[in-house]
Amino acid sequence: MNRWLPILLSLAGALLLWAAWPTSPLTFLIFIAFIPLLRIADLVAHRGKYFGCIFLTLFLWNVATTWWVGNTTVPISGVAANLINTLLMSIPLLGYHRTRVRVGQTAGYFALIVYWLTFEYIHLNWEFSWPWLSLGNVFAMHPSWVQWYEYTGVSGGTLWVLLSNILIYQTWLQRKQYPVPLGSFLWKTAWLPAAVVVIPFLLSSLVQYNFHVPEGPTVKVVVVQPNIDPYDKFAEENERLQLDKLLALSAKKADSTTAYIIWPETALFTHGVWENKLAYEDETEQIRQFLRHYPQATIVSGATTLKRYDADEAPKMARSTEDGTLRYDAFNSAIQLDTSYVTQIYHKSRLVPGVEIIPYVRYLSFMKSLALDLGGITGGYGVTPGVELLEDNRTHIKVLPTICYESVYGEFVAEHVRRGANLLFVITNDGWWGNTEGHRQHAQYARLRAIETRRWVARSANTGISCIIDPMGRVQQPLPYWKEGVIDANVTPGDTFTFYVRFGDLISKAAVAFCIVMILYSFYLKFRFSMPNS
């Protein structure tokens with residue numbers, strides 16, 4: 001039994017982590033889901049065997065939770081993503097094990113928290129980024145539990161999870177090693193983990209009680225879900241039919257008071273449109289004619305855009321035509337159109353590794369062509385900035401149109417709110433992954449952005465889930481997957497800043513600082529004890 005116990009613990013840890021993840025109703029299991037990993041560290045001293053056990057847990061968790069990543073025309077991409085992410089997630093646990101063996105259990109627990117938070121922060125900000133499984137995301141289905149995210153962001157949830165697991169595990173060990181009457185145990189020992197678990201619930205209730213959805217002038221938004229098969233939408237003959245469908249659906253809810261009509265990712269110009277000619281395209285003229293019936297309305301839509309560069313301004317990794325006479329980039333964009341000939345173009349900057357960008361390809365240019373082709377534009381997208389926000393020049397309302405994956409990045413969204421975003425739009429095409437947990441998890445994560453920034457969120461998905469989310473993270477009028485539809489709502493543009501918006505992710509930055517100090521100190525000790533005695 002002792003021989004197989006680490007393996008059983010590995011399987012138990014993976015099962016608990018998977019069962020706790022959105023959209024499961026068993027979220028509370030996250031408070032004990034890391035205990036099997038902590039127990040393995042106590043039982044397995046050999047570093048190689050320990051790595052094997054934690055790798056099994058993390059790999060099964062990744063596969064069980066995000067297997068849908070490979071549900072595309074290139075299934076091997078999902079296997080590679082799960083393997084790479086598992087290896088990266090193993091690093092903070094290996095650091096914890098090393099610290100625990102060398103310095104002691106208490107220092108090891110502190111190191112685990114610091115290393116894991118540092119890992120999540122790095123994983124959020126580099127080009128291999130995949131923050132889908134950041135531990136704080138686990139509470140996305142329960143906004144009433146984490147209203148204090150307006151102060152901490154998702155990293156506060158990660159800290160809550162890790163600290164709760166450590167204290168519950170330590171309490172269990174004490175109970176096991178030093179049996180005492182239950183009443184005495186609860187009074188003297190169990191109160192601390194209970195307080196760490198319960199107090200954030202009470203704080204969330206207090207924040208929620210004192211928070212009121214901002215009042216003031218409202219604007220009407222219309223959200224369209226066209227329900228177009230993502231694997232068919234890039235056929236050239238379908239572009240005009242898709243535009244007709246988008247306009248027909250928009251007309252069902254639009255009226256003279258409508259301020260914004262929101263269409264999903266890559267809804268327009270699926271094969272690319274030159275940005276300098278966008279205002280004069282036939283499709284743009286058709287949209288202008290439509291908007292003349294709704295003079296207050298602006299359309300925000302996903303599109304594929306192309307930008308030409310002069311020879312001296314072209315980024316190193318820009319594309320070239322076959323004859324080499326033209327340098328250009330393709331962008332996954334959001335465009336803003338009204339009845340004028342003024343267009344605004346926002347470029348997606350948080351690109352999906354392996355699909356939209358080959359990480360650090362500027363240093364490995366021979367890999368430039370390896371980005372997966374999911375239709376429309378082959379190869380990776382450009383990263384040259386467009387406009388930071390889409391601004392209505394009549395009302396001066398500013399919108400951040402997060403495109404798909406960008407809505408998972410809390411600090412990225414908060415930074416744009418700090419720059420003046422009054423409303424958040426999410427435009428996405430989650431249908432790539434089919435009717436899996438992928439699109440449901442993605443929709444839930446947008447609720448956390450609403451809490452962190454206290455902004456209204458309007459979410460337009462090609463095939464679901466489209467919805468409205470209020471500043472407390474409550475979902476309104478969700479349209480299910482694979483259903484054509486349109487919804488409308490009156491929302492209030494926000495102009496106040498939360499603590500998180502003002503100061504960013506302070507918890508993660510503090511963890512990074514501690515991590516650097518710990519690494520430097522370990523090098524100092526190694527150097528000091530390696531010197532010969534004088």
If you look at every heavy atom in [X] and [Y], which pair is closest and at what distance?
X: Ile507; Y: Gly156; answer: CD1-CA, 3.7 Å
X: Val69; Y: Ala81; answer: CG1-CB, 4.2 Å
X: Ala461; Y: Gln225; answer: O-CG, 3.2 Å
X: Leu448; Y: Gly136; answer: CD1-O, 4.2 Å
X: Trp21; Y: Ser134; answer: CH2-O, 3.2 Å
X: Pro6; Y: Cys53; answer: CB-SG, 3.7 Å

Does [X] have any side-chain hydrogen bond (donor to acceptor under 3.5 Å, both in side chains) partners at least two apart in sequence or in another chain, and if so, which?
X: Asn62; answer: Asn85
X: Thr492; answer: none
X: Glu406; answer: Tyr346, Ser349
X: Ser144; answer: none

Hey, what do you get for [atom1] ([X]) to [atom2] ([Y]), rounding to the nearest 0.5 Å?
X: Glu437; Y: His442; atom1: CD; atom2: NE2; value: 14.0 Å
X: Trp61; Y: Ile54; atom1: CH2; atom2: CD1; value: 12.5 Å
X: Arg447; Y: Asn137; atom1: CZ; atom2: CG; value: 13.0 Å
X: Ser460; Y: Leu479; atom1: OG; atom2: CG; value: 9.5 Å
X: Leu38; Y: Arg100; atom1: CG; atom2: CZ; value: 9.5 Å
X: Trp145; Y: Phe139; atom1: CH2; atom2: CZ; value: 7.0 Å

Next on the checklist: According to salt bridge (Lys or Arg N to Asp or Glu O under 4.0 Å), does anything in residues 459-476 pair up with another residue at least two apart or in another chain? List the pairs.
Outcome noted: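 Applying salt bridge (Lys or Arg N to Asp or Glu O under 4.0 Å) to every pair that reaches into residues 459-476, excluding sequence neighbours, yields Asp430-Arg459, Asp470-Arg474.
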Checklist entry - Applying salt bridge (Lys or Arg N to Asp or Glu O under 4.0 Å), which residue pairs with at least one partner in residues 114-126 are found, sequence neighbours left out? => result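 Every candidate salt bridge (Lys or Arg N to Asp or Glu O under 4.0 Å) pair involving residues 114-126 fails, so no pair, neighbours aside, qualifies.
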[X] side chain to [Y] main-chain N or O, any donor-acceptor pair under 3.5 Å?
X: Tyr50; Y: Leu93; result: yes
X: Thr453; Y: Arg449; result: yes
X: Ser10; Y: Leu56; result: no
X: Asn422; Y: Ile397; result: no

Next on the checklist: Checking Ile35 now: which residues fulfil side-chain contact (heavy atoms from CB on, under 4.5 Å) with it, not counting sequence neighbours?
Outcome noted: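 Counting only residues at least two positions away or on another chain, Ile35 forms a side-chain contact (heavy atoms from CB on, under 4.5 Å) with Ile32, Asn165, Ile168, Tyr169.
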Checklist entry - Looking at residues at least two apart in the chain, or sitting in another chain, which of them share a side-chain contact (heavy atoms from CB on, under 4.5 Å) with Leu88? => result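 With sequence neighbours excluded, Leu88 shows a side-chain contact (heavy atoms from CB on, under 4.5 Å) to Ile84, Ile91, Phe119, His123, Trp126, given in chain and number order.
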If you take the centroid of each ring, where Trp contributes its six-membered ring, are [Y] and [X] closer together than 6.0 Å?
X: Trp148; Y: Tyr500; result: no
X: His416; Y: Phe412; result: yes
X: Trp116; Y: Tyr96; result: no

Would you check if [X] and [Y] make a side-chain contact, meaning some heavy-atom pair closer than 4.5 Å?
X: Trp263; Y: Ile427; answer: no
X: Thr152; Y: Asp505; answer: no
X: Tyr115; Y: Met518; answer: yes
X: Asp42; Y: Leu173; answer: yes
X: Ile166; Y: Ile113; answer: yes
X: Thr65; Y: Leu133; answer: yes
X: Thr171; Y: Leu192; answer: no
X: His97; Y: Phe51; answer: no

Indicate whether the side chain of [X] and that of [Y] have a donor and an acceptor atom separated by less than 3.5 Å.
X: Asn332; Y: Glu265; value: yes
X: Trp132; Y: Gln441; value: yes
X: Asn227; Y: Thr463; value: no
X: Ser204; Y: Gln147; value: no

Next on the checklist: Taking Glu356 first and then Lys348, would you say they form a salt bridge - that is, a charged N and a carboxylate O separated by under 4.0 Å?
Outcome noted: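 So Glu356 pairs with Lys348 through a salt bridge.
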Item to check | Salt-bridge present (Arg418, Glu411; N to O < 4.0 Å) | outcome: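 No, this pair does not count.
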Item to check | Stepwise side chain to side chain contact (heavy atoms under 4.5 Å, CB included) test for Val219 and Asn490 | outcome: CA-CA 5 Å; Val219 296; Asn490 291 315; over 6 Å; no
Not counting sequence neighbours, which residues clear ring-ring contact (aromatic ring centres under 6.0 Å, His included) with [X]? List them please.
X: Phe110; result: Phe514
X: Tyr121; result: none
X: Tyr149; result: none

Checklist entry - Does the cation-pi check pass for Arg350 over Tyr405, that is, NZ or CZ under 6.0 Å from the six-membered ring centre and within 45° of its axis? => result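 Here Arg350 fails the 6.0 Å and 45° test against Tyr405.
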Item to check | Full working for side chain to side chain contact (heavy atoms under 4.5 Å, CB included) between Ser129 and Tyr409 | outcome: CA-CA 10 Å; Ser129 182; Tyr409 293 84; 2.7 Å; yes
Checklist entry - In terms of the angle between their ring planes, are Phe59 and Phe55 parallel, tilted or perpendicular, with boundaries placed at 30° and 60°? => result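 If you compare the ring of Phe59 with that of Phe55, the planes turn out parallel.
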Next on the checklist: Listing request: all ring-ring contact (aromatic ring centres under 6.0 Å, His included) pairs with a residue in residues 454-486, at least two apart in sequence or in separate chains.
Outcome noted: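 Sorted result for residues 454-486: His439-Tyr481.
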Checklist entry - Within a reach of under 6.0 Å around CZ of Arg419, are more than 12 heavy atoms found that belong to other residues, nucleotides or ligands? => result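 Enclosed.
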Next on the checklist: I'd like to know whether CH2 of Trp67 has more than 12 heavy-atom contacts from other residues, nucleotides or ligands below 6.0 angstrom.
Outcome noted: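 Counting neighbours around CH2 of Trp67, more than 12 heavy atoms of other residues, nucleotides or ligands fall under 6.0 Å, so yes.
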Next on the checklist: One pair to check against side chain to side chain contact (heavy atoms under 4.5 Å, CB included): Leu17 and Ile30. What are the steps and the verdict?
Outcome noted: CA-CA 6 Å; Leu17 288 164; Ile30 198 65; 3.9 Å; yes
Next on the checklist: Show, in sequence, the C-alpha distance, side-chain angles and deciding distance for Val491 and Thr218, and conclude whether the side chain to side chain contact (heavy atoms under 4.5 Å, CB included) test is met.
Outcome noted: CA-CA 5 Å; Val491 301; Thr218 62; over 6 Å; no
